[in-house]
Peer 1: 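Pasting a structure here, questions to come.
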Amino acid sequence: MISSQYNYTNGNIEFQKQQLLTAIVQAKQDGLGNEEIIDNVRETLPSSMVFYAETVLQQIDFRAKLSRPVINFNLELLFQLIYESVIAGTNDEEILSICAEHCTLNQYEFVRYALEYIHINRMPSQWEQNNVYHQMIEIVVNISLIESLFEYIESIKNIHLKQIGYEVVQENLYNLFLSNKETSYFTDLASKSRDKCIKNYCYRTAVLVARATGKPLDSKLTADGSIILKEPKYLDRNTGANEIANSQNLTMLQAGKLLVDTLEDFNINAKYVDAKNGPTFNRIRVKLGRGVSYKKVEDIGNDLVQQLGEELGLKFAPMVSVVPGGVVFDIPRLDRQFAYFRDHFTFDSELDIHSVSIPGGVDVDGTYVEIPLYSDNVTHILGGGRTRGGKSQFEKAAILYLVRRYPPSVVRLALSDVKRVTFGKFDGLPHLVAPVARDAEATANLLDYLVEEMELRYQEFERHSSIETIAQYNMRFAPDFVMPRVICLIDECFDLLSDDNYCDRIETALMKLLAKAGGAGIHVLLYTQRPDKNVIDPLIRSNFPAKTAFVTTRPEDSCIILGDDKDKRAVYLLGYGDFLYKTTEVLRLQALYVADDEDPEYFQQLLLEAKNQNDPYTAWQSGLDFDEFVASLYGERNSKDIGKSKTTAVTKTKQDKTDFEGSFNFKVQLDEEARNSILNLHQKGYQLDEIVKAVFNLSRQDGRSYKKFRNVIEEFLNSLKGSKEDDI
């Protein structure tokens, strides 16, 4: 112990301190804690040495902290780790403690700001939103003091949860307005709240009471000093709450002029053009001055939050986009509205079997926009976005609309849901070509089946002269016979394309379908939460003419989904159904909310109607049964040999195809879909061997068949060059 290494008989103080220092260092190396060392010193050594021992221990600990190894984290990765920890429920103290051990001081400061940002801006779960709402209602019901509700809302950091509170406040203020409260009651409420929005709601209600009773109220009582000129009209519950909510906002003309003035401060010359009010955001359009590049305003969003956050209610950066005739700034609405599925469809209009579409959403004008699957600009759709972005609701709205709007003779569905939570409600519908696929194996089987179905459809086209597409077929034979369109909707393709056992089969089938299935009426809608460029092959991504990008966590995710390495706009979306729809142009839409959890009776009613609807058409049948196809693909096998027989069956199928094609007893004919795919890939710089692989899934290993397809593609491309020279 300390006393055994310390000789206190020597009268030299410095010598005694040196001995004590040596003894303490040795004790620390032996694993003794600070309290044990101090207790030992206090028991065996003079009191004059106790203070010295405490000082030595503090210095040793301080040196140890300074000499600890630190990791220079990438800040983007660090932010992602913090975000995931917060979502998982880790408290701030624990996160800060861990970061203090492993981060530099600058990184630790970044962590503190990141935590604050995440708490304010993260998208809360539906459960969390419901829980906060019920707590607010309990405060109102049980305590009956709106001041207590104000205090609860002021304690909330998250802007989305605060918005729920603001809606509850508006509702209660309107009820108080109807109960004939005096003007002073509302001005007193305003003075008791520290929240600016709540203050404005209270002051606005006071103004409404004053005007209703004929008692003038000094306009200086308003929180921002503005004068409200609009006289109150007859108010019902909804318009009254909206009147109180919207009174604090600048008019769109005022907001537009304020934006233009702020741009001038950044040396950006611009002129206000017009503004529109949408359910999710307000759009201000400006015309940039001559010679002003769009790049100067492209990334100005965060500067606008800093400059105009209070005036325009900006909590996070607005999206900035180019439109014909100017540049638009999408200012998020804190009182945003949802577009409900049931408000846009009655299903009593006449059915058009030639124009199969799915719901898109509501644009900034409040106009409903559909996505036409029959259009050459759509055909297949690639989509993605992070959790709580609204992707699943968009998918469910598409399926619900298709099965309720169209009978099985017009539309069939092929669904894959490896998460097992999105499409399970649609099992058992007569529109399904197979049960919902819930793993990679079932999805591979489903896609292989669709490839075979596609080939049979093209064989049917060959039997009739001048027919190349499903549209032409149905124009000729409907309504006697209708070839149904098949919509294949795959949720979370990342898991499928990361599966070591089935990714090759799935990729191969997808490439074939994307290359030419659109003309046969088979449409692929591929969605993921993680659009990793190393997992989703570029050849797959390039064959999607339409994109739907929901809010993303990273700018690069936006670029991957939208197919443009410079388009980062999806990172500025607001979540909960706010998305970008890209074909020949880009539209920002609010997706329709099915509300299957809020209104299950309506949802179940539509499913029941879909199952029992009248089907007046006779569907064309390929004769391909899914169960029989899977059985023939794998053959009879017992459960112990499943993996082995799968490999053998797939190899045999490919070998049979190669032997057939290698015989050269066939003629290669490029249909319109294949020609368009070849031309598209050629214009993007793909080499011949890459085009053959992408369109026909053939490589040099396929020998003579590969060479024949390669020669046909080369002749096709050379013919295009010749025609251009002739034109010149």
Side-chain angles (χ1 to χ4, degrees), residues 121-124 126 129 158-164 166-167 170 197 238 241-242 245-246 248-250 252 255-256 259 274-285 301 304-305 308-309 312-321 323 327-344 359-371 383-397 547-552 558 561-562 567-582 585-595 598:
N121 294 283
R122 70 178 178 85
M123 285 290 183
Q126 191 64 48
Q129 293 181 64
N158 186 270
I159 59 173
H160 302 286
L161 296 178
K162 270 186 177 293
Q163 182 57 37
I164 296 174
Y166 293 153
E167 293 173 1
Q170 294 167 42
C197 288
N238 292 327
N242 290 336
N246 294 332
Q248 65 171 353
N249 298 329
L250 298 172
M252 295 308 297
L259 174 62
D274 58 27
K276 297 178 180 179
N277 298 94
T280 307
F281 57 90
N282 297 324
R283 172 167 288 179
I284 299 174
R285 180 159 63 111
L304 294 179
V305 175
L308 301 175
L312 299 183
L314 289 174
K315 299 294 184 181
F316 35 84
M319 181 188 297
V320 185
S321 308
V323 298
V327 173
V328 294
F329 294 80
D330 291 343
I331 310 299
R333 287 182 53 171
L334 293 180
D335 59 337
R336 64 179 294 186
Q337 303 169 356
F338 283 95
Y340 285 91
F341 181 91
R342 68 181 306 157
D343 294 336
H344 290 82
V362 178
D363 69 4
V364 69
D365 293 321
T367 304
Y368 166 69
V369 177
E370 68 177 14
I371 298 178
R386 64 169 171 79
T387 304
R388 312 306 300 176
K391 175 174 58 66
S392 296
Q393 280 292 324
F394 175 84
E395 294 168 338
K396 285 190 283 190
K547 314 288 196 310
T548 52
F550 294 82
V551 61
T552 62
S558 173
I561 298 171
L562 294 172
D567 198 338
K568 306 174 182 177
R569 285 180 291 175
V571 80
Y572 296 108
L573 294 170
L574 305 178
Y576 292 99
D578 184 22
F579 77 103
L580 297 175
Y581 167 46
K582 178 180 181 181
E585 60 178 341
V586 180
L587 297 177
R588 185 175 179 183
L589 304 175
Q590 175 65 42
L592 302 186
Y593 180 40
V594 174
E598 295 181 4

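What's counted below: heavy atoms across the whole structure, side chains too, no hydrogens, waters or symmetry copies.
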Peer 1: Hey, could you give me the CE/CG distance between M319 and L573, rounded to the nearest 0.5 Å?
Peer 2: 4.0 Å

Peer 1: Could you label the plane-to-plane angle of the F579 and F550 rings as parallel, tilted or perpendicular, counting under 30° as parallel and over 60° as perpendicular?
Peer 2: parallel

Peer 1: In Å, rounded to the nearest 0.5 Å, how long is the span from CG of D330 to NZ of K276?
Peer 2: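 So the CG of D330 and the NZ of K276 are separated by 11.0 Å.
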
Peer 1: Considering all heavy atoms of both residues, which atom of A549 and which atom of I561 are nearest to each other, and what is their separation?
Peer 2: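 Closest approach of A549 to I561: CB-CG2, 3.6 Å.
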
Peer 1: Nearest 0.5 angstrom please: F281 CZ to Y572 OH, how far?
Peer 2: 15.5 Å

Peer 1: Give me the one residue out of R283, R569, R588 that meets side chain to side chain donor-acceptor pair (under 3.5 Å) with S321.
Peer 2: R569

Peer 1: Measure the shortest side-chain to side-chain distance between Y593 and Y576 over non-hydrogen atoms and say whether it is less than 4.5 angstrom.
Peer 2: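 No, every pair of side-chain atoms sits at 4.5 Å or beyond.
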
Peer 1: Just how far is it from atom CG of D363 to atom OG1 of T280, taken to the nearest 0.5 Å?
Peer 2: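 That separation rounds to 10.5 Å.
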
Peer 1: Can any side-chain N or O of K582 pair as donor or acceptor with the backbone N or O of L562 at less than 3.5 Å?
Peer 2: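 Side chain of K582 to backbone of L562, a donor-acceptor pair under 3.5 Å: yes, one is there.
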
Peer 1: Please report the interatomic distance CG(L304) to CG(L259), rounded to the nearest 0.5 Å.
Peer 2: 6.0 Å

Peer 1: What closest approach, in Å, do T552 and G385 show between heavy atoms, and which atom pair accounts for it?
Peer 2: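 So the minimum-distance heavy-atom pair works out to CG2-CA, 4.4 Å.
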
Peer 1: Locate the shortest heavy-atom distance separating Q129 from P124; write the atom from each residue and the value.
Peer 2: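 Heavy atoms only, the tightest pair is NE2-O, 3.3 Å.
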
Peer 1: Would you say L587 and V364 make side-chain contact, with heavy atoms under 4.5 Å?
Peer 2: no

Peer 1: Should we say atom NZ of K162 is surrounded by more than 12 heavy atoms from elsewhere, each under 6.0 Å from it?
Peer 2: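 Counting other residues, nucleotides and ligands, NZ of K162 exceeds 12 neighbours.
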
Peer 1: Check for a donor-acceptor pair, side chain of N158 on one end and backbone N or O of R122 on the other, with a separation under 3.5 Å.
Peer 2: yes

Peer 1: Are any of the side-chain heavy atoms of Q590 and D578 separated by less than 4.5 Å?
Peer 2: yes

Peer 1: How close do S558 and D567 get, counting heavy atoms only, and between which atoms?
Peer 2: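 That closest heavy-atom pairing would be OG-O, 2.8 Å.
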
Peer 1: Can you name the nearest heavy-atom pair linking H344 to A339, along with the distance?
Peer 2: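 That would be CE1-CB, 4.2 Å.
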
Peer 1: Can you tell me how far CG of L574 sits from CG of N121, rounded to the nearest 0.5 angstrom?
Peer 2: 11.0 Å

Peer 1: Please name the pair of heavy atoms, one in P359 and one in I371, separated by the smallest distance, quoted to 0.1 Å.
Peer 2: O-CD1, 4.2 Å

